[in-house]
Structures are given as structure tokens and as C-alpha cells.
Amino acid sequence: MAMTRCAALIRSCVLAVSMAWGMALGVGHPIGHADSVAGAVESTYSQPGPWAVTAEQAFACCDSTGAAYDIWYPTSLGANGFRHPIITWGDGTNAHPSQYDYLLRHFASWGFVVIATENAATGSGVDIAGAVDKLLAVAADPGSVFHGRLDTDAIGAVGHSQGATGVLNAMMNSGGRIRTAVPIELPAQMWCFAGGCPDTHRVSDGSVFFVNGSADTIISPSEQALPPETAGLQSVRAYYDAVPGTVPKAWGTLVGPNHNDVQGQPDCAEASWPCTSGVFGYLGYPTAWLAARLLGDAAAERAFVSESGEFFASNPLWTNQISDITPP
């Protein structure tokens with residue numbers, strides 16, 4: 001217990017220094033509203049989708065810790081025979097799914113059913129994967145609103161901070177059931193005091209889109225001073241590089257955001273500190289990635305084609321764009 005308190009104190013102090021350092025250096029420029037994006041695909045998916053959304057807290061119980069599940073889904077489930085892909089969400093440490101309501105509601109507006117455990121320690125990925133099991137069990141009931149309306153072959157995992165480690169672990173241990181992961185502000189391995197940090201060398205199937213903010217220089221830094229061979233995976237670039245070349249992957253850094261901007265509703269007023277400008281930048285390309293991987297959107301797929309896709313066009317909102325995606 002003493003070690004846990006010590007680790008927590010170290011993390012808090014370093015995070016405070018990180019925020020002060022980022023402000024002093026003026027790291028990047030804040031992301032503006034969604035209408036400031038540069039490309040057609042990003043612009044489209046930065047806007048709310050065509051589906052009205054229903055959200056329910058504690059709609060089902062329970063995960064391995066006794067935590068309930070929350071859910072966001074299109075209100076007119078199954079309209080015109082549509083079968084909805086599934087996204088399982090992973091919270092950051094000590095966070096609650098409601099803190100990500102703007103983002104998760106946005107995903108649901110594009111046709112995804114989003115389920116999130118209320119567990120605030122999701123790094124192992126066990127309860128992120130378990131949320132899919134719970135949703136499928138609920139959907140097996142002929143009386144459920146989800147019955148016959150889910151695409152069980154199109155499952156993705158998205159998570160923030162500790163939840164970012166969890167979605168990678170969930171995908172790697174899913175036997176191919178989870179087809180894509182979007183880790184947001186993935187912590188360097190030095191922060192995984194309780195274990196559970198993913199080794200992305202182990203990714204053998206699925207696909208990954210890494211997203212971090214340029215001001216998140218300590219928890220989820222883009223680069224590291226020492227090579228991964230000696231220091232471990234201490235940067236998003238190292239995590240990206242470690243994913244085998246046989247796996248579709250991409251990485252981009254939003255210019256300006258800090259560790260908790262993804263909690264914006266949509267700005268920073270209700271987000272945990274540190275937050276620079278809010279959730280805006282996390283809407284467009286992450287949703288497009290999910291649409292490409294789980295909805296079969298060819299235009300979204302082309303946006304991530306290495307070097308030639310829209311993601312690689314000059315864009316003041318993004319840096320570090322890289323992928324191994326080849327033309328379809």
C-alpha cells in the first residue's frame with residue numbers, strides 16, 4: 001500500500017510539472033472547433049452522425065469487480081436492417097464513462113453501439129473485453145432492443161490513458177474478435193506500476209490507430225531519448241514502431257491537447273486537469289478510422305493510406321502522421 005501511495009504521489013508531481021512545462025513552452029496551438037479541420041473525411045466525421053442517440057447509465061451489471069456497464073446506442077436500432085458495430089470503451093484511471101459522454105455519444109451518432117464498464121482500473125483489458133461478452137449476452141434475449149441488430153463481426157476497442165493500455169491488451173487477447181483498437185494518450189511503460197502495460201510487439205492481428213496530444217509530454221510523449229531496446233516502450237513512436245509491419249497501423253499527434261482533452265464536453269470546463277482545449281480533435285479521424293475498419297467506409301480507408309491519404313495532407317491540427325496502410 002505504501003508503494004501504491006508513493007507511486008501515486010510521484011505521478012501527481014510529475015503531471016503537475018508536465019502541465020507547467022507545457023504551458024511555459026507554449027506546446028502547440030489549441031485545437032479549435034470541428035469546423036476548423038482541413039480535409040473532407042475529417043470534416044465529415046468531426047460532425048455528429050445521422051443517428052439520434054440514447055444513453056443509459058448502469059444498463060447492465062456486472063464486470064469482474066462488480067462495476068456496472070453504461071451504454072450509448074442509436075435510438076432507431078436496426079433501422080432498414082442495419083446491423084451496428086460494437087465499440088467497447090476503457091476509462092482512464094479513476095475516471096467514469098460519463099466523463100467521456102461527448103465522445104462516446106459522437107461515436108454512437110455514427111451507428112456504433114458503445115458499451116463501457118464503470119471500472120476505473122481497466123489496464124488489463126479483462127473488463128473491456130468482458131463488456132463485449134455482456135452486451136452479446138443481453139442481445140441474445142429475443143426481448144432485448146439489441147437482439148438481431150448488432151454486427152458481431154465488427155468489434156472495436158477505444159480507451160484513454162490506462163484504458164488505452166487496456167484496449168490493446170483486450171485486442172491482443174481476443175483471438176481476433178476485436179478487430180481494431182484506438183489507444184488515446186497511451187502511457188509510457190514507466191507509468192505502469194501495477195503491470196499491464198502492453199507490449200505491442202505482441203500484436204499479431206487486428207489494427208491500431210494511436211492518438212496522443214502534443215502537450216502530453218510526460219504521460220504519453222511522442223518521442224523518447226533512449227532507444228526502446230534499452231529503455232522499453234516509453235513513447236508513442238516506440239509503441240507504433242513495435243507493432244509488426246503485417247498489422248495495419250497508424251499514428252497521429254494532435255497539436256495542442258494535453259492528457260485529458262479527450263474528456264471535453266466539448267471544451268475543458270468539465271474535464272479533468274490538464275486539458276488545453278477539449279475533445280474537438282479526437283472526433284474526426286478516430287471516428288473515420290472506426291468507420292473504415294468496422295463500417296467498411298472506403299473513403300475513410302483511403303484517408304489513412306500512407307503518404308497519399310488525406311491524413312497526410314498539410315494540416316495545422318496534426319503532426320507525426322504515419323501509417324503502413326496501403327491502397328485498397
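Residues take their numbers from the sequence shown, with the count starting at 1. Source: prediction; values computed, not measured.
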- prompt: So, is the end of the Lys249 side chain (NZ or CZ) under 6.0 Å from the ring centre of Tyr240 and within 45° of the ring's axis?
  reply: yes

If you look at every heavy atom in [X] and [Y], which pair is closest and at what distance?
| X | Y | result |
| --- | --- | --- |
| Phe59 | Ile115 | CE2-CD1, 3.8 Å |
| Cys268 | Gly278 | SG-N, 3.4 Å |
| Gly256 | Ala215 | O-CB, 3.4 Å |
| Ala188 | Pro221 | CB-CD, 4.4 Å |
| Gly92 | Ser161 | CA-CB, 4.1 Å |
| Pro248 | Gly206 | CD-O, 3.4 Å |

Kindly say whether [Y] contributes a backbone atom to a donor-acceptor pair with the side chain of [X] at under 3.5 angstrom?
| X | Y | result |
| --- | --- | --- |
| Trp110 | Ala288 | no |
| Asp297 | Ala300 | yes |
| Glu118 | Pro97 | no |
| Ser144 | Asp141 | no |
| Asn80 | Phe82 | no |
| Ser207 | Arg179 | yes |
| Glu185 | Ile219 | no |
| Ser43 | Ala40 | no |
| Asp70 | Ala58 | yes |
| Gln162 | Asp91 | no |

- request: Run the numbers on Ser306 and Asp324 for side chain to side chain contact (heavy atoms under 4.5 Å, CB included), then give the verdict.
  value: CA-CA 6 Å; Ser306 181; Asp324 67 358; over 6 Å; no

Looking at [atom1] of [X] and [atom2] of [Y], how far apart are the two atoms once the value is rounded to the nearest 0.5 Å?
| X | Y | atom1 | atom2 | result |
| --- | --- | --- | --- | --- |
| Ser308 | Arg302 | OG | CZ | 10.5 Å |
| Asp63 | Thr117 | CG | OG1 | 3.5 Å |
| Gln47 | His106 | CD | NE2 | 8.0 Å |
| Gln265 | Arg105 | CD | CZ | 9.5 Å |
| Gln99 | Asn94 | CD | CG | 9.5 Å |
| Met190 | Leu233 | CE | CG | 13.5 Å |

field: Among Phe280, Trp251, Phe312, Phe304, the one residue meeting ring-ring contact (aromatic ring centres under 6.0 Å, His included) with Tyr285
entry: Phe304

Should [X] and [Y] count as side-chain neighbours, where that means a heavy-atom distance under 4.5 Å?
| X | Y | value |
| --- | --- | --- |
| Leu290 | Phe107 | yes |
| Asn212 | Ser222 | yes |
| Val208 | Pro183 | yes |
| Pro74 | His84 | yes |
| Pro187 | Ser220 | no |
| Gln189 | Gln234 | yes |
| Pro274 | Asn260 | yes |
| Asn320 | Arg237 | yes |

Looking only at the aromatic ring of each residue, does the gap between the centers of [Y] and [X] stay below 6.0 angstrom?
| X | Y | answer |
| --- | --- | --- |
| Phe112 | Tyr73 | no |
| His160 | Trp89 | no |
| Trp72 | Tyr100 | no |
| Phe311 | Trp318 | yes |
| Phe209 | Trp289 | yes |

Connected-component partners of Ile128 among ILVMFWY, side-chain separation under 4.5 Å: Val167

- prompt: Can you list the other members of the hydrophobic cluster that holds Val126, where links are side-chain heavy atoms under 4.5 angstrom apart?
  reply: none

Quick check on the hydrophobic clustering: are [X] and [Y] connected, directly or via other members, by side-chain heavy-atom contacts under 4.5 Å?
| X | Y | result |
| --- | --- | --- |
| Val53 | Tyr69 | no |
| Ile155 | Val113 | yes |
| Ile178 | Leu168 | yes |
| Leu135 | Leu77 | yes |
| Ile71 | Val158 | no |

- request: Could you walk me through whether Asp261 and Ser277 pass side chain to side chain contact (heavy atoms under 4.5 Å, CB included), step by step?
  value: CA-CA 6 Å; Asp261 281 63; Ser277 53; 3.5 Å; yes

query: More than 12 heavy atoms of other residues, nucleotides or ligands under 6.0 Å from CG of Asn173: is that the case?
result: yes

message: Please check if the number of heavy atoms outside Gln224 that lie under 6.0 Å from its CD is greater than 12.
response: yes

task: Determine the sole option in Leu186, Ile184, Thr253, Ile322 for which the side chain to side chain contact (heavy atoms under 4.5 Å, CB included) test with Phe210 is passed.
output: Leu186

- prompt: Under the side chain to side chain contact (heavy atoms under 4.5 Å, CB included) criterion, do Glu42 and Glu310 qualify, and how do the steps go?
  reply: CA-CA 8 Å; Glu42 186 181 21; Glu310 177 191 296; 3.7 Å; yes

message: Can you see whether Gln263 engages Ser272 through a side-chain donor-acceptor pair at a distance of less than 3.5 angstrom?
response: yes

- prompt: Do Asp133 and Arg177 sit within salt-bridge range, that is, some charged N less than 4.0 Å from a carboxylate O?
  reply: yes

message: One pair to check against side chain to side chain contact (heavy atoms under 4.5 Å, CB included): Asp127 and Thr65. What are the steps and the verdict?
response: CA-CA 8 Å; Asp127 291 311; Thr65 68; 4.0 Å; yes

